[in-house]
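Worksheet: the structure to be examined is printed underneath.
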Amino acid sequence: MILNRILYSDVTLLDLLIGILIIIFGVIFTKVISLYIKRLLRDQVKRENSELISKVSYYCLLVVVFMAGLPILGVNLSGLLVAGGIIGIALGFASQSIVSNLISGIFLLVERPIKIGNPVSIEGTTGIVEDIHIISTTLRTFDGLYLRMPNQKVFTANITNFTANVARRFEYTIGIRYMDDAELAISTMRSVIDAEPMALKNPEPLIFVSELAESSVNILVRVWAPVPEWYALYTKLLWKLKTAIEAQGIEIPFPQRVLWSGKQSPDQSGEDQVVRMTGHHESSGK
Amino acid sequence: MFGQLNFPALIDQNGLLIKTTRNNDTVLYHRKLSDKTVEKMIGSDKSSSIIINPVEPINTPKPICNHLLIEFEMPLVMAPESKITIYLTFPLEIGVFLNDDNDTWMIDLFSMGPQKYTLYGEPTGGTICKYWSSQVYTNPPEVSPFLEGVMELDIVNSANEHVEVTRAVFSGYHMKLFYSGDKVYMKSILTISERGVAETKFEKKPASAEMKKSLEIFRVSKINLSSSAYIMEFGL
């Protein structure tokens, strides 16, 4: 019978078909199982953990499938281990960057400086971590582009993870006129911040005069917010502060220069003339 | 206000308006509070009532945290190996549930009081909590209905030294609320094991038999290997 025809070693055509079918169906079954595990854990654990569990189970099952199928195809696994030494050295030189990326990927999954869904900056490149594969990490930049980075580069780079901690601080510098009441400005801004739910009560917001600048008295405002909400608060709070202090009659000045001049003509009394120039353009209305 | 209300339902008190009207197979839900209006159309030919219950006060304005931190307006110093009972207030959040053949679905959630969040611990590993400041009472206080509830808190100092308590943090996963009329009640225990470390947990029994248990929206939906107590490890 044709199926009993020996192709190589002790492997018949039937063995070859069975081996290939085991591997093909095994790979499909492994994929289905890992997807099922991911779906099962979706509502139970965080996304990065369910992805990790799904990946680990996928690769473990894949190893089992190949260990079941390869002996049927005549591949002697124990023999491979013995012969693998020399081949391993050769492969190692040929694939050192791939192996390096693989090892880096494993360490990334163990150390977890970044997790799926984290907005990060890696060597100046910012984006959201879409997935951490065994060889590379994929990011989605903030303008929606797909970015693939080799894991070795990720692992050895300076990584800034914007959401690794639970709270984050941001600050504004708001200048007011020298003639305005800084204490009133500070108390007004504090009332606005206290009324804002996402501005954390603790650590307490800091508001203080930080600089007597050229054109203004600068007030520094530092606010802590929960990491998922900090950007929304950061984008809306500044205008609220501005309108609140303006409602108190406090203005944010334009850049200013004060010009001092000497006597203009001999018949003048000798008083110096002062001209204050600001960026404020008054409409003459005439 | 709390309890089951058959259609058509109408509540108009303390600045809150809730109205439900049925129109054939649909129900129109309308809620107005201050200047905010919420309307929903519900497709259900079976629902005949809504349930209004107080719920865990950690969901508004956004469900970003799982814990409630109550700061004592007056610090409390506990003698070594002592136990006392105090009363605190806590903020109320009100849930409106659609009642369908013993299955309930939350259609609205609101709060009538001020909202604030705080951080318990450090930014690196602390916990974001809903913040509330309360006076410390020795007897159950009178509170503003629909704004505040009353928490009976047993504080046990099992350490052999004095401990000053300025706040208590509670997990939302195991909160048990009870109500009777417009009054809302919780009972919890704060056990101090050593200076700066304590755990809080909730009692499952109401203050009196006439109190009903409120619906819970904060169910344990994740694989949770921890106990029902919350460990306050960042200080008291």
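Fair warning: this is a prediction, and the values are worked out from it, not measured in the lab. A, B, ... follow the sequence lines: proteins, then strands. Residue 1 opens every chain.
- The number of heavy atoms from other shown groups lying within 6.0 Å of OH (A:Tyr58) is above 12.
- The contact list for residues 116-130 of chain B toward chain A, using heavy atoms and a distance under 4.5 Å, reads B:Lys116, B:Tyr117, B:Thr118, B:Leu119, B:Glu122, B:Pro123, B:Thr124, B:Gly126, B:Ile128 by residue number.
- With a 6.0 Å radius and a threshold of 12 heavy atoms from other residues, nucleotides or ligands, B:Lys213 has its NZ atom above the threshold.
- For A:Lys55, the NZ atom counts as densely surrounded, since its 6.0 Å shell holds more than 12 non-hydrogen atoms of other residues, nucleotides or ligands.
- Counting heavy atoms of neighbouring residues, nucleotides and ligands inside a 6.0 Å radius, atom OH of A:Tyr231 does not exceed 12 of them.
- In this structure, no portion of B:Pro114 lies under 4.5 Å from any heavy atom of chain A.
- Residues A:Met198 and B:Pro61 form a side-chain contact, since some pair of their non-hydrogen atoms from C-beta on lies under 4.5 Å apart.
- In B:Gln115, the CD atom is crowded: over 12 heavy atoms of neighbouring residues, nucleotides or ligands sit closer than 6.0 Å.
- Atom NZ of B:Lys62 has 12 or fewer neighbouring heavy atoms from other residues, nucleotides or ligands inside a 6.0 Å radius.
- Chain B is approached within less than 4.5 Å, heavy atom to heavy atom, by A:Trp224, A:Pro226 from residues 218-228 of chain A, ordered by number.
- Contact annotation for A:Glu229: only side-chain heavy atoms (C-beta onward) come within less than 4.5 Å of a heavy atom of chain B.
- Applying a 4.5 Å heavy-atom cutoff, the residues of residues 148-172 of chain A that approach chain B are A:Asn165, A:Val166, A:Ala167.
- Atom OH of A:Tyr36 has 12 or fewer heavy atoms from other residues, nucleotides or ligands within 6.0 Å.
- Within residues 118-128 of chain A, no residue has any heavy atom closer than 4.5 Å to a heavy atom of chain B.
- Atom NZ of B:Lys176 has more than 12 heavy atoms from other residues, nucleotides or ligands within 6.0 Å.
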